[in-house]
Participant: 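Quick one: this structure, given as structure tokens, is what I'll be asking you about.
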Protein chains: 2
Amino acid sequence: MNFSIAQAAARSGLSIDTLRYYERIGLVDPPARDSGGRRSYSEDDLGWLEFLTRLRTTGMPIRMMREYARLRHGGVGTAALRKQILVEHRASVRERVAELTKCLDVLDYKIDHYDQIERKHAHLLNDLPQEATA
Amino acid sequence: MNFSIAQAAARSGLSIDTLRYYERIGLVDPPARDSGGRRSYSEDDLGWLEFLTRLRTTGMPIRMMREYARLRHGGVGTAALRKQILVEHRASVRERVAELTKCLDVLDYKIDHYDQIERKHAHLLNDLPQEATA
DNA sequence: GTAGGAGCTGGAGTACGCTCCAGGTCAACC
DNA sequence: GGTTGACCTGGAGCGTACTCCAGCTCCTAC
């Protein structure tokens, strides 16, 4: 099964321009071409794109993804290096999650503060004499 | 207690240039000045900066922080709007954490795959006749 | 055989969030 | 009173990751 660039874009969630851009900078290997010279993406290509988008989602910089992509071509001999990249990246993602969780606490705290303001307002209104709220 | 821009930078973790930049774009109010015309940050200023850095850490775009900053000047009447911004932002941060957690699973999976390759290699080496490993 | 739509290339442009710089002021210390 | 160092301003420059464009080719459908 092969896919046009539009289909690959739809499946990967990337734009057509981004797909060509990734190819240009060496993030993805140039896909096969059909008889008319158009890109024809394989399932494997899409699998790699999906993994790339995961790495991007987690904030891996493109130059690191490029390094990883380069190592893939080196075969099993580069497995240890590739693993190292992923392990280090995983650590940084975990850190990031911890950081976000801490910020979520601050947001909760602030929002709670606004809730209290609202309650106080409602309270004041309720305590007014009947005529004043009319 | 007041702070020079260098001290404010050290405490907030932002650079001096970034502090001036934030002021220029209306993210922070112009701080007081000392007799020599230099910025003099108050505790309140630093508190706001700390909150801002939390929002930045969680990826809130600057224009949204600016909107929030603008609303602060509106007093208690804008509390509901400010709360809304925070509530919406909290939702997006939670989403982001969920997304990262999913990506962490993929990373775990991949790393586990590399572990298996390593074990297979070690195994092969162990199974070789004694002379071949010398 | 021609109109329309998808895709092609190389290169320029954009959004965001800083970061750096030149040229000047000011206060303090020697 | 001269040097040093922190700070000032307005404005230019930069890195990242796309995004857009002009001008062209190719296939399909009528």
Side-chain angles (χ1 to χ4, degrees), chain A residues 2-42 45-46 48-70 89 92 96 99 103, chain B residues 2-42 45-46 48-49 51-69 89 92 96 99 103:
Chain A
N2 284 333
F3 304 88
S4 71
I5 194 166
Q7 288 169 327
R11 299 220 174 194
S12 65
L14 299 166
S15 74
I16 290 178
D17 272 316
T18 300
L19 286 178
R20 287 196 283 242
Y21 167 67
Y22 278 5
E23 185 181 330
R24 244 192 309 205
I25 65 174
L27 252 191
V28 307
D29 295 332
R33 298 288 179 131
D34 68 13
S35 59
R38 295 180 201 152
R39 288 171 183 77
S40 176
Y41 292 86
S42 69
D45 291 334
L46 291 193
W48 171 238
L49 276 176
E50 190 186 328
F51 183 57
L52 277 186
T53 60
R54 297 285 181 181
L55 295 182
R56 275 304 294 132
T57 297
T58 53
M60 182 183 281
I62 279 188
R63 64 175 176 289
M64 198 182 296
M65 296 198 294
R66 207 152 69 179
E67 170 71 1
Y68 188 91
R70 199 181 58 76
H89 183 59
S92 86
R96 179 121 194 85
E99 204 174 44
C103 290
Chain B
N2 285 332
F3 303 89
S4 72
I5 194 166
Q7 289 169 328
R11 299 221 176 193
S12 65
L14 299 167
S15 75
I16 290 177
D17 272 316
T18 299
L19 287 179
R20 287 197 281 242
Y21 166 67
Y22 278 5
E23 186 182 331
R24 242 191 310 204
I25 64 173
L27 253 190
V28 307
D29 294 332
R33 298 288 177 133
D34 68 12
S35 61
R38 294 180 201 154
R39 289 172 182 79
S40 176
Y41 292 86
S42 68
D45 291 336
L46 292 193
W48 172 238
L49 277 176
F51 183 56
L52 277 186
T53 58
R54 296 287 180 179
L55 296 182
R56 275 304 294 134
T57 298
T58 53
M60 183 183 280
I62 278 186
R63 65 177 174 287
M64 199 181 298
M65 297 199 293
R66 207 152 69 179
E67 171 70 1
Y68 187 91
H89 183 59
S92 87
R96 179 119 193 88
E99 203 175 47
C103 290

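All figures in this text were calculated on a predicted structure; none of them were measured in a lab. So you know, we letter chains A, B, ... as the sequences are listed, proteins then strands, and number each from 1.
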Participant: Please tell me if the side chains of A:R33 and A:R39 come closer than 4.5 Å, counting only heavy atoms from C-beta onward.
Facilitator: yes

Participant: Which residue lies toward the 5' end of DNA chain D, A:G36 or B:S40, if each is placed at its nearest nucleotide?
Facilitator: B:S40

Participant: Taking all atoms of both residues into account, what is the closest heavy-atom pair of A:P31 and A:S40, and its distance?
Facilitator: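 Residues A:P31 and A:S40, closest heavy atoms: CB-O, 3.8 Å.
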
Participant: In the structure I gave you, are the side-chain heavy atoms of A:I62 and A:Y22 within less than 4.5 Å of one another anywhere?
Facilitator: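 A:I62 reaches A:Y22 side chain to side chain.
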
Participant: Can you say whether the rings of B:W48 and B:Y68 are parallel (under 30°), tilted (30 to 60°) or perpendicular (over 60°)?
Facilitator: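 Correct class here is parallel.
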
Participant: Is it true that B:E23 and B:R20 have a side-chain N and a carboxylate O under 4.0 angstrom from each other?
Facilitator: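 Salt bridge: no.
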
Participant: Grab the CD1-P distance between B:I5 and C:dA27 for me, whole Å please.
Facilitator: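 So the two atoms are 17 Å apart, to the nearest Å.
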
Participant: Are the side chains of B:L19 and B:V28 in contact, using a 4.5 Å heavy-atom criterion?
Facilitator: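 B:V28 vs B:L19: side chains apart.
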
Participant: Using a 6.0 Å cut-off, check whether atom CZ of B:R63 has over 12 heavy atoms from anything other than its own residue.
Facilitator: no

Participant: Once you round it to whole Å, what is the distance between P of C:dA6 and CG of A:D34?
Facilitator: 15 Å

Participant: Has the side chain of B:R66 got a donor or acceptor atom that lies under 3.5 Å from a matching backbone atom of B:G26?
Facilitator: no

Participant: How would nucleotides 14-23 of chain C be written as a contact map, 5' to 3', with B for base contact, S for sugar-phosphate-only contact and - for no contact, using protein heavy atoms under 4.0 Å?
Facilitator: --SBBBB---

Participant: Tell me the interatomic distance from A:F3, atom CZ, to C:dA6, atom P, rounded to whole angstroms.
Facilitator: 19 Å

Participant: Under 4.0 Å from a heavy atom of chain A: give me the 5'-most and 3'-most nucleotides of DNA chain D that qualify.
Facilitator: D:dT16 to D:dC27

